[in-house]
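Here the structure is laid out as structure tokens; the discussion comes afterwards.
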Amino acid sequence: MKHLSSYFTFATAIALLFSFEPPSLDTPEKFIQCFYNYPNITNTNSNVLYTQTNSSYSSVLNATIQNLRFLNISSKPQVIVTPVDVSHIQATIMCSQRHGLQIRTRSGGHDYEGLSYVAEVPFVIIDLINLREITVDVENQTAWVQSGAQLGELYYRIYEKSKTLGFPAGVCYSVGIGGHISGGGYGFLMRKYGLAADNIVDAQIVDVNGNLLDRQAMGEDLFWAIRGGGGASFGVIVAWKIKLVPVPSTVTIFNVARTLEENATEIIQKWQVVASKLDERIYIRMDMEKVHSREYGKTIQVNFVSMFLGGVEELVPLMQKSLPELGLDRKDCTETSWIGSAVFLNSPWFGNISLEAPEVLLNRTQIYSGHYKAKSDYVRQPISIDGLRGLWRFLYDDEVERSQVQFAPYGGRMYEISESELPFAHRSGYIFHIHYVTNWETTGDEAAQRHKNWTRRVYKYMEPYVSNSPRAAYVNYRDLDIGVNNKGYTSYDQASIWGLKYFGNNFRRLATVKTRVDPYNFFTNEQSIPTLLEEEI
């Protein structure tokens, strides 16, 4: 039997409202006083609090803003907290509630809509940049990783201990572990081992009451919810215990470019049919964008970027059998290690395509991606040649500075996992995932609006070719265009407009877990999981 008192009601909302002290001009000072008076606070000599009057405030705030759209906006946190231990997170949660401040938690700063460091209400940032310890246990093939660590750091620390273990997570080395895993986390090992979230065995989270919980203490419902449901709706995730996976000592990589004049459209047609059915050790992503060449002038180039868990002598015959249209040759391929493949896949950010030393993955120097806006889609049936030709017209558009469309294949392990196993519901039946992105350097509202409109137009054009009812989206490619919460209470039905796109039939269970662990909806943002009213249960 449900205990109704544990669920959100308007009466409890009003009671909660009056228990808060509304923000005022001296709120930052009151927050700081509250923080240092927190009963169990430790490391009080550490410089972990930054208000807007602090000379380091702007540099700390901007340090991991990955999207320049949000670099100089007026909405800034009252306080930035850079915890060095869990007590600082606990104090921040409790004092934020006491003084009517919301919380935004930032691990790597890659939230596509800036929700880890932007809010339209008075708020505090918990920046986990100092919590990035990684402990690798080779014998048990596990590792504990704090949420402030970056993917590149994790890959390197695994490599330090073992050349035949890896972890199935994303490509971009500067992505923060905390948010990446909590949204699912996919990469070039996905077809063999699934998502990052599929390979989690334990976690640590600080809840709304300031309690530090591991898997046993939080229970299986909350442990389920944070592995793909977005951790920021439920608390502050401090660390993940991950399951490492076997990788061969030799893997093979290639990046083969084909233009439309080199039959790229026909190759894509075949790729759509076979990419999700290939040997699960093969992952071939397609990156499509406009290029200029002496030979063809302006054209569309498709890069087939791949990693194979094995040697080149095995890969080439497999490719010649399954995708002969690509014309892959041995000279197109490079044998390397798993860590070498991670460096190779990050080469666009490092400025060259050579295999650098693995230490480059430890680089925490900010590499801005410019201003950008992105969207996502999932595909069940191959897109027709006419559909693709229409897409090329968008990529040819000179009104945007740069645009790219990626197709990422499914199949393999992803088809073996039930859509309800985790909140991430996009499993069997999808043949690939689409990522649309436009980048620009020009500042100003006009340029921003023009580029954002490009993503909206291409998204509208693609509607007949992608999933529907709902039109699926990936929460780690956050997109506020698909729907947002109210500034006050948001009903489950209203939140479902965006929630079903991200989570499918798992959205209801996420709302049920949210209502139990955060009944007054303290951990909230424009796309946080809603609480349920009694009549919605």
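For the numbers below, each heavy atom of this structure counts, side chains included, while hydrogens, waters and symmetry mates do not.
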[Y] ring center within less than 6.0 Å of [X] ring center:
X      : Y      : value
Tyr186 : His433 : yes
His426 : Phe424 : yes
Phe234 : Phe523 : no
His435 : Tyr474 : no
Tyr112 : Tyr477 : yes

Lys375: which residues meet the salt bridge (Lys or Arg N to Asp or Glu O under 4.0 Å) condition with it, sequence neighbours left out?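 Listed in chain order: Asp479, Asp481.
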Can you list everything that forms a salt bridge (Lys or Arg N to Asp or Glu O under 4.0 Å) with Glu113? Sequence neighbours excluded, please.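 Glu113: salt bridge (Lys or Arg N to Asp or Glu O under 4.0 Å) contacts with Arg69, Lys373.
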Parallel, tilted or perpendicular: which describes the rings of Phe503 and Phe507, with under 30° parallel and over 60° perpendicular? parallel
Parallel, tilted or perpendicular: which describes the rings of His371 and Trp440, with under 30° parallel and over 60° perpendicular?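 Taking Trp440 first and then His371, their aromatic rings lie parallel (interplane angle under 30°).
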Using a strict 4.0 Å threshold on nitrogen-to-oxygen distance, state whether [X] and [Y] make a salt bridge.
X      : Y      : value
Glu446 : Arg450 : yes
Arg402 : Glu441 : no
Arg215 : Glu220 : yes

Donor-acceptor check, side chain of Arg508 to backbone of Asn505, threshold 3.5 angstrom: yes or no?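 A pair under 3.5 Å: no.
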Rounded distance (nearest 0.5 Å) linking atom [atom1] of [X] with atom [atom2] of [Y]:
X      : Y      : atom1 : atom2 : value
Leu154 : Ile134 : CG    : CD1   : 5.0 Å
Leu361 : Tyr155 : CG    : OH    : 9.5 Å
Arg98  : Gln33  : CZ    : CD    : 10.5 Å
Leu533 : Ser491 : CG    : OG    : 8.0 Å

Taking atom types as modelled and ignoring hydrogens, do the side chains of [X] and [Y] form a donor-acceptor contact shorter than 3.5 angstrom?
X      : Y      : answer
Thr438 : Thr455 : no
Tyr117 : Asp127 : no
Gln102 : Thr524 : no
Asp85  : Thr42  : yes
Tyr173 : Gln150 : no
Gln527 : Tyr502 : yes
Ser96  : Thr92  : no

Can you find a heavy atom in the side chain of Ile237 that is under 4.5 Å from one in the side chain of Ser182?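 The answer is yes; the side chains approach within 4.5 Å.
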Is the closest side-chain heavy-atom distance between Asp377 and Tyr459 below 4.5 Å? yes
Given the rule in the side-chain contact (heavy atoms from CB on, under 4.5 Å) test, do His88 and Ile41 qualify, once you have shown the distances and angles that lead to the verdict? CA-CA 7 Å; His88 296 159; Ile41 198 82; 3.5 Å; yes
Start with the C-alpha distance between Val124 and Phe35, add both sets of side-chain angles, then the distance that settles side-chain contact (heavy atoms from CB on, under 4.5 Å), and finish with yes or no. CA-CA 12 Å; Val124 172; Phe35 182 93; over 6 Å; no
Would you mind listing every side-chain hydrogen bond (donor to acceptor under 3.5 Å, both in side chains) that reaches into residues 223-236, with sequence neighbours excluded?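 Those involving residues 223-236 do not exist here.
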Would you sort out whether Arg106 and Thr64 count as a side chain to side chain donor-acceptor pair (under 3.5 Å), showing the intermediate values? CA-CA 9 Å; Arg106 181 166 71 176; Thr64 56; 3.1 Å; yes
Residues that Val360 engages under side chain to side chain contact (heavy atoms under 4.5 Å, CB included), provided they are two or more places apart: Val343, Phe350, Glu356
Partners of Asp397 by side chain to side chain donor-acceptor pair (under 3.5 Å), sequence neighbours excluded? Arg457
Taking only residues two or more places apart in sequence, or in another chain, which ones meet Tyr465 in a side chain to side chain donor-acceptor pair (under 3.5 Å)?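 Applying side chain to side chain donor-acceptor pair (under 3.5 Å) to Tyr465 gives none.
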Could you point out which residue of Phe432, Tyr436, Tyr430 forms a ring-ring contact (aromatic ring centres under 6.0 Å, His included) with Phe407?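 The ring-ring contact (aromatic ring centres under 6.0 Å, His included) with Phe407 is passed solely by Phe432 among Phe432, Tyr436, Tyr430.
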Are more than 12 heavy atoms from other residues, nucleotides or ligands located less than 6.0 Å from atom CD of Gln52?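 Yes, CD of Gln52 has more than 12 neighbouring heavy atoms, counting only those of other groups under 6.0 Å.
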Under 6.0 Å from the CG atom of Asp445, do we count more than 12 heavy atoms belonging to anything else shown?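 Count not over threshold, so no.
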Side chain to side chain donor-acceptor pair (under 3.5 Å), that's the test. Do Asn485 and Trp498 meet it? Break it down for me. CA-CA 9 Å; Asn485 294 335; Trp498 58 264; 3.1 Å; yes
List the steps and the verdict of salt bridge (charged side-chain N to carboxylate O under 4.0 Å, His left out) for Asp214 and Lys241. CA-CA 10 Å; Asp214 62 7; Lys241 186 177 183 181; over 6 Å; no
